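Remember, it's 1-based here, ligands and their atoms both numbered in the order they're listed. From a predicted model like this one, the values you see are computed outputs, not experimental measurements. Heavy atoms only: backbone and side chains are in, while hydrogens, waters and symmetry mates are out.
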Amino acid sequence: MASHLQLPRGSWLSSHAWPVINIDRLRMGEAMRKLVIQEIALACREQGCFQVVNHGIRKSVMKGALEAASEFFKLSKEHKEKFVSADVQQPIRYDMSSRDGISTARSLLKHYANPLEDWVQFWPINPPTYRKKMGDYAVEIKGVSMQLMEAIFEGLGDKVGLAFHSDYGFITILLQSSAGFEVMHHEDDTWIAVPAIPGALHVHIGDNLEVLSNGQLKSLVHRTILNPDEPRISIASIHGLSMDEKVHCAKELVDEEHPEMYKESSFQESLDLLPSNMNNYKRFVESLKIDRDE
Ligand SMILES: O=C(O)CCC(=O)C(=O)O
Ligand SMILES: [Fe+2]
């Protein structure tokens, strides 16, 4: 394993936008499974890759497979050359030169693996532990692939139900019946799945608070993903001022070093902007930003 891989504190490591997914949670009840499927779907859509931990493959099996491969490559030429073939259809093939146009400097041993009983007869008998160690790994990695394929297929049904936006108002409080809510990380613009924790309320910052705080707080960009299997209910309570009351940067937070960054606005004005959003969505707070470079 690469030395830069950190172990997950929770389920999702976002410090480097690098998803590490704890997949034994796929078996911890329906609600948890849904969340993990959503995390996997998110990683697939956003990054096209992710790492899994708690996948159930024993450490000794992973170590054994690496040892078997390494011992094979350390063998003398005559042991390995038995498997050399120019025929890429062979069930086992050792090669040191490029027949695929992509191998530049590597040796490879390529063989079929599952079902093991069909293919193991073609595998090296040297090193003597090769068949057992690589065989155990082949069987266990197939189990992980099957679980992941199932989860990825389930996640493919998920569609964005409510696209990228931030809320007008100071704060929004969400009471949600199930997962599906995603928020954008402030620093690296990656999406993070928010779990629906029973009994908990989700709170996020809206455009008004970004303006009031003169940019010290940022309104949260978020969206929701549809769950094809069950309806999701979410009650979003958005707290703001009355229709025509203006929200402006707090005077206490404006001085020479921190000039006013936003124009004042009312809830009515945010509504007036809605029709123009139909074809080209722009966050309301963006339209309030004062461009200081001009
Ligand atoms: O469906 C949700 O949980 C979020 C709803 C939302 O973002 C909104 O109504 O502004
Ligand atoms: Fe929202």
N/O donor-acceptor pair under 3.5 Å between [X] side chain and [Y] backbone:
{"X": "R33", "Y": "M28", "value": "no"}
{"X": "Y168", "Y": "S266", "value": "yes"}
{"X": "T224", "Y": "L162", "value": "yes"}

- In Å and rounded to the nearest 0.5 Å, what is the NE2 to SG distance from H258 to C249? 12.0 Å
- For the residue pair H111 and L109, establish whether any side-chain heavy-atom pair is separated by less than 4.5 Å. yes
- Task: For the Fe ion (ligand 2), find the closest N/O/S atom on D167 and give its atom name.
- Result: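 Closest to the Fe ion (ligand 2) among those atoms: OD1.
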- Item | Nearest to the Fe ion (ligand 2) - the N/O/S atom of H165, by atom name |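 Nearest N/O/S atom of H165: NE2.
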Under 3.5 Å: N or O atoms of ligand 1 paired with protein N or O:
| unit_1 | atom_1 | unit_2 | atom_2 | d |
| --- | --- | --- | --- | --- |
| ligand 1 | 1 (O) | R232 | NH1 | 3.0 |
| ligand 1 | 3 (O) | R232 | NH1 | 3.4 |
| ligand 1 | 3 (O) | R232 | NH2 | 2.7 |
| ligand 1 | 3 (O) | S234 | OG | 2.6 |
| ligand 1 | 7 (O) | H165 | NE2 | 3.2 |
| ligand 1 | 7 (O) | H222 | NE2 | 3.0 |
| ligand 1 | 10 (O) | H165 | NE2 | 3.1 |
| ligand 1 | 10 (O) | D167 | OD1 | 3.0 |

- Query: If you measure only the distance, is there a donor-acceptor pair under 3.5 Å linking the side chains of R283 and S166?
  - Reply: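 There is such a pair between these side chains.
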- H55 and D24: side-chain donor and acceptor closer than 3.5 Å? no
